[in-house]
Enquirer: 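Below: one structure in structure tokens.
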Amino acid sequence: GASAWVFFESVVTASRVNTARAAGLDPNDDPVQTADSATVIRLADTNLCGTFTVIDLGTLGGNMSQAYGLNDRGHVVGQARDADGRDQAFLWQNGVITNLFAGAGYLGSLAWDVNQSGAVSGELTLTNGEIRAFFIAATGLLVRAPFANGTYTYGRGLNEAGDAVGLGDIMLLDNNQPALWSRGQAINLGTFASCFGENCWFGTFPGNTGVAYDVNDATQVVGFAHNGIALQYWDPFIWFDSYPNGIRDNWEMINLGSLGGYAGYAFSINENGVVVGKSLTDGWSGWHAFRVTPSNGQWNAYGNASRTNLWMQDLGTLGGPESSANAINDMGDIVGGADTTVSGQPHAFIYTNGRMIDLNDLICPDSGWLLTDARDINNAGQIAGIGILNGETRGFLLASTAAAVAITRIEPAASGSGVLIEWRGTGTDLQYVLESSDSLVSPAWTAPAPATQWPARVTSWEDSAPTGTVKQFYRVRGFPAP
């Protein structure tokens, strides 16, 4: 016949099942009055609306933007159209989008990556139509065309030391090859010779090309290069200075092979040396996202003469024929784009905990957005990419709407006139909203008045006690502070 007036609610995220606890011990294992029974309520299934909030990065006055790079501070770089119709490199931070080359006289520009100190890499289109890689140091110093000579050079990934990668037009022969710009000098990484199943010799081959896409803090570089076979195979590679002399040497470029097809591209590498990209799965068809996890300093394990790397994992698709993995963070979360049907619009995805998830399922369906390609993910779990909003191509930043929060104590307050609730969150610089409802069936969650005081950087609260036989349920939501 006894009734417990304090219920402890435990939320199991994966199944979205709420349980009410009214046993003889509270969460701190202190004795409490025991109820005859506790009711377990399964909430109605919903999609994961609100897992991410979509932030529109805006434009530079035109009708287009695309996000390509993101650092752990939430700064985003990419390309956006200005009021004169020119596509220009931008930096977005703290809600403000800035043209990196306003008034500089270039026909166009594109920013590809940004590191923690704020250095940016990308490319410029000169007035004569030629394209030059650029690197803007954290001090604001602009370095143009660091990759060799030639008509076209492109800037891609950037690490925390300021090493930049891309491609350079070697010897003015239009045979663009992977390049690393490190400590003030450009290093041509070359391409493959005709071999696979082993580390390949590389050099400069007229007509043979490649691109370096990313570099980590260990100066391990990934990209793709022509391997010298007559069928024009393009293979993903990893390169590092295994003979540490600051220059490229034979046998330093490692062919990562494929998922069974004739070509592949490596786009990103994290600080653990895990590489992601895309590979053909059967001859010249079937691009699928892949992941290669190194083992004992090796990245390939060839099983047969088909060039299949047994350590290259096929990440699948969202139901359509093709997918591509564009970036990986240090926790191993992977983002990219994948087809949902044979002829449908690609959707942005996140691959986490062994499963590829459509990012459009993790935002509210009435947001107005279609997320088509996720281009980068940082260690805070923020995601930058490209989507469609109101019929226009727009760069986006996805920020988690909630942090993991656990209620650690709920009991009568020492004053005897209220309820003390304490909680903790997983993460740094979090703010919280405490809410209560007298029912878990169609609940009306309300924060203590005044509502303007929430969210707040507090981890405890004393609320007024429920009156009579009214039950009171509490929840706490956590958010990264702006």
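Computed from heavy atoms alone, side chains included, the values below leave out hydrogens, waters and symmetry copies.
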Enquirer: What's the separation between atom CD1 in Ile334 and atom CD in Gln313, rounded to the nearest 0.5 Å?
Expert: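 Rounded to the nearest 0.5 Å, the CD1-CD separation comes out at 7.5 Å.
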Enquirer: May I ask you to check whether Phe135 and Trp181 place their ring centres under 6.0 Å from each other?
Expert: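 Close enough - the centres of the two rings lie under 6.0 Å apart.
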Enquirer: State, with a plain yes or no, whether a side-chain heavy atom of His75 is found less than 4.5 Å away from one of Leu70.
Expert: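 Sidechains of Leu70 and His75: no contact.
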Enquirer: Quick one: does Asn159's side chain have a donor or acceptor within less than 3.5 Å of a partner on Asn216's backbone?
Expert: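 It does hold such a pair.
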Enquirer: Say you draw a straight line from CG of Leu107 to CG of Asp87; how long is it, rounded to the nearest 0.5 Å?
Expert: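 One finds 11.0 Å between CG of Leu107 and CG of Asp87.
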Enquirer: From the options Leu389, Leu397, Ile363, select the one residue that forms a side chain to side chain contact (heavy atoms under 4.5 Å, CB included) with Val54.
Expert: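 Between Val54 and the candidates, side chain to side chain contact (heavy atoms under 4.5 Å, CB included) is satisfied uniquely by Ile363.
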Enquirer: Do Leu124 and Ser109 have side chains that get closer than 4.5 Å, going by heavy atoms?
Expert: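 A side-chain contact exists here, since the closest heavy-atom pair is under 4.5 Å.
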Enquirer: Does any N or O in the side chain of Ser436 come within less than 3.5 Å of the main-chain N or O of Phe473, such that one atom is a donor and the other an acceptor?
Expert: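 No, Ser436 side chain to Phe473 backbone: no donor-acceptor pair under 3.5 Å.
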Enquirer: About how many Å separate CH2 of Trp423 and CZ of Arg475, when rounded to the nearest 0.5 Å?
Expert: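 These two atoms lie 13.5 Å from each other.
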Enquirer: Can you list the steps and then say if Thr219 with Leu180 is a side chain to side chain contact (heavy atoms under 4.5 Å, CB included)?
Expert: CA-CA 9 Å; Thr219 322; Leu180 164 68; 3.9 Å; yes
Enquirer: Sub-3.5 Å donor-acceptor pair from the side chain of Asn99 to the main-chain atoms of Phe90, do we have one?
Expert: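 No.
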Enquirer: Say whether, by atom type as modelled, one donor and one acceptor occur between the side chain of Asp72 and the main chain of Asn379 under 3.5 angstrom.
Expert: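 Confirmed, Asp72 side chain pairs with Asn379 backbone.
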Enquirer: Using only atom types and a distance under 3.5 Å, with no angle test, would you say the side chain of Asp113 pairs donor to acceptor with the backbone of Gly122?
Expert: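 No: the side chain of Asp113 does not pair with the backbone of Gly122.
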Enquirer: Taking side chain as C-beta onward, heavy atoms only, is Thr372 less than 4.5 Å from Ile388?
Expert: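 Yes, close enough: below the 4.5 Å cut-off.
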Enquirer: For Phe349 and Ala289, which heavy atoms make the closest approach, and how far apart are they?
Expert: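 Closest heavy-atom pair between Phe349 and Ala289: CZ-CB, 4.3 Å.
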Enquirer: Let me confirm one number: the OG-CG distance from Ser258 to Asn309, rounded to the nearest 0.5 Å.
Expert: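 The distance works out to 8.0 Å.
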Enquirer: Set out, in order, the CA-CA distance, both residues' side-chain angles and the distance that settles salt bridge (Lys or Arg N to Asp or Glu O under 4.0 Å) for Arg156 and Glu123, then state yes or no.
Expert: CA-CA 8 Å; Arg156 290 293 183 259; Glu123 59 213 42; 2.7 Å; yes
Enquirer: Can you tell me which residue among Tyr432, Tyr474, Trp454 is in a ring-ring contact (aromatic ring centres under 6.0 Å, His included) with Trp461?
Expert: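 Of the listed residues Tyr432, Tyr474, Trp454, the ring-ring contact (aromatic ring centres under 6.0 Å, His included) partner of Trp461 is Trp454.
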Enquirer: Under a 3.5 Å threshold, yes or no: a donor from one side chain and an acceptor from the other, between Asp339 and Thr341?
Expert: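 No, no side-chain donor-acceptor contact under 3.5 Å.
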Enquirer: Is the shortest heavy-atom distance from the side chain of Ile421 to the side chain of Ile407 under 4.5 Å?
Expert: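 With C-beta onward as the side chain, the pair touches.
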Enquirer: Consider ring-ring contact (aromatic ring centres under 6.0 Å, His included). Of Phe240, Phe290, Trp311, which one does Trp299 pass it with?
Expert: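 Looking at Phe240, Phe290, Trp311, the match for Trp299 under the ring-ring contact (aromatic ring centres under 6.0 Å, His included) is Phe240.
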Enquirer: To the nearest 0.5 Å, how far apart are CG in Asp333 and CD1 in Ile350?
Expert: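 Result: 5.0 Å between the selected atoms.
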Enquirer: Which heavy atom of Met356 sits nearest to which heavy atom of Ala338, and what is that distance?
Expert: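 That closest heavy-atom pairing would be SD-CB, 4.1 Å.
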Enquirer: Do Trp369 and Phe52 have ring centres separated by under 6.0 Å?
Expert: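 Not close enough - the centres of the two rings lie 6.0 Å or further apart.
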Enquirer: Is the shortest heavy-atom distance from the side chain of Glu322 to the side chain of Thr317 under 4.5 Å?
Expert: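 They are not in side-chain contact.
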Enquirer: Just do the side chain to side chain contact (heavy atoms under 4.5 Å, CB included) check on Asp235 and Phe224 with the steps written out, would you?
Expert: CA-CA 5 Å; Asp235 285 340; Phe224 59 91; over 6 Å; no
Enquirer: Given side chain to side chain contact (heavy atoms under 4.5 Å, CB included), test Tyr106 with Thr125 step by step and report yes or no.
Expert: CA-CA 6 Å; Tyr106 300 111; Thr125 302; 5.9 Å; no
Enquirer: Test side chain to side chain contact (heavy atoms under 4.5 Å, CB included) on Leu110 and Phe134; report intermediate values, then the result.
Expert: CA-CA 9 Å; Leu110 181 151; Phe134 75 79; over 6 Å; no
Enquirer: Are a donor atom and an acceptor atom from the side chains of Asn255 and Asn300 found within less than 3.5 Å of each other?
Expert: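 Looking only at side-chain atoms, Asn300 and Asn255 do not form any donor-acceptor pair under 3.5 Å.
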Enquirer: For the pair Asp217 (side chain) and Ala161 (backbone), establish whether a donor and an acceptor sit closer than 3.5 Å, ignoring hydrogens and angles.
Expert: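 No.
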Enquirer: For the pair Gln453 (side chain) and Pro448 (backbone), establish whether a donor and an acceptor sit closer than 3.5 Å, ignoring hydrogens and angles.
Expert: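 Present.
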Enquirer: Under the 6.0 Å and 45° cation-pi test, does Arg375 pair with Tyr68?
Expert: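 No, Arg375 does not lie over the aromatic ring of Tyr68.
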Enquirer: Would you name the heavy atoms of Asn329 and Asn378 that are closest together and state the gap between them?
Expert: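 Minimum heavy-atom contact is ND2-O, 3.1 Å.
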Enquirer: Please check if the side chain of Thr281 supplies one atom and the backbone of Gly286 the other of a donor-acceptor pair under 3.5 Å.
Expert: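 Yes; judged by distance alone, with no hydrogens or angles, the pair exists.
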Enquirer: Please give me the minimum heavy-atom distance between Leu256 and Ile238, naming the atom from each residue.
Expert: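 Answer, listing the atom of Leu256 first, then Ile238: CD2-CG2, 3.9 Å.
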Enquirer: Once rounded to the nearest 0.5 Å, what's the spacing between atom CH2 of Trp112 and atom OG of Ser121?
Expert: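 Spacing of CH2 (Trp112) from OG (Ser121) equals 9.5 Å.
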Enquirer: Does the Ser279 side chain pair with the main chain of Leu259, one donor and one acceptor, at a distance under 3.5 Å?
Expert: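 Indeed, once roles are kept as given, a pair shorter than 3.5 Å links the two residues.
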Enquirer: For Ser268, check side chain to side chain contact (heavy atoms under 4.5 Å, CB included) against everything at least two apart and list the hits.
Expert: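 Checked Ser268 against side chain to side chain contact (heavy atoms under 4.5 Å, CB included); matches are Asp214, Val276, Ala327, Ile328.
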Enquirer: Does Arg291 reach the side chain of Thr293, with side-chain heavy atoms less than 4.5 Å apart?
Expert: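 Contact flag for Arg291/Thr293 side chains = yes.
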Enquirer: In terms of relative ring orientation, are Tyr265 and Trp287 parallel, tilted or perpendicular, with 30° and 60° separating the classes?
Expert: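 Tyr265 and Trp287: tilted rings.
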Enquirer: Taking all non-hydrogen atoms of both residues, which atom of Val275 and which atom of Ala266 are closest, and how far apart?
Expert: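 Nearest pair, atom of Val275 first, then Ala266: CG1-CB, 3.7 Å.
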Enquirer: Using the side chain to side chain donor-acceptor pair (under 3.5 Å) rule, collect all pairs that involve residues 388-397, keeping only residues at least two apart or in two chains.
Expert: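 For residues 388-397, and leaving out neighbouring residues, the side chain to side chain donor-acceptor pair (under 3.5 Å) pairs sorted by first residue read Asp56-Arg394, Glu392-Arg394.
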Enquirer: Under a 3.5 Å distance rule, please check whether His347 uses its side chain to pair with a backbone N or O of Ile357 as donor and acceptor.
Expert: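 No.
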Enquirer: More than 12 heavy atoms of other residues, nucleotides or ligands under 6.0 Å from CG of Asp84: yes or no?
Expert: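 Counting neighbours around CG of Asp84, more than 12 heavy atoms of other residues, nucleotides or ligands fall under 6.0 Å, so yes.
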Enquirer: With Leu371 as reference, evaluate Leu398, Leu362, Ile386, Asp361 under the side chain to side chain contact (heavy atoms under 4.5 Å, CB included) test and give the passing residue.
Expert: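 Testing each of Leu398, Leu362, Ile386, Asp361 against Leu371, the sole residue satisfying side chain to side chain contact (heavy atoms under 4.5 Å, CB included) is Leu398.
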Enquirer: Considering non-hydrogen atoms only, spot the tightest contact between Arg73 and Gln116 and give its length.
Expert: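 So the two residues come closest at NH1-O, 3.0 Å.
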Enquirer: Report yes if some heavy atom in the side chain of Val292 is under 4.5 Å from a heavy atom in the side chain of Val274; otherwise report no.
Expert: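 No. Closest side-chain heavy atoms not under 4.5 Å.
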Enquirer: Do Leu280 and Asp282 come close enough that some side-chain heavy atom pair is under 4.5 Å?
Expert: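 Contact flag for Leu280/Asp282 side chains = no.
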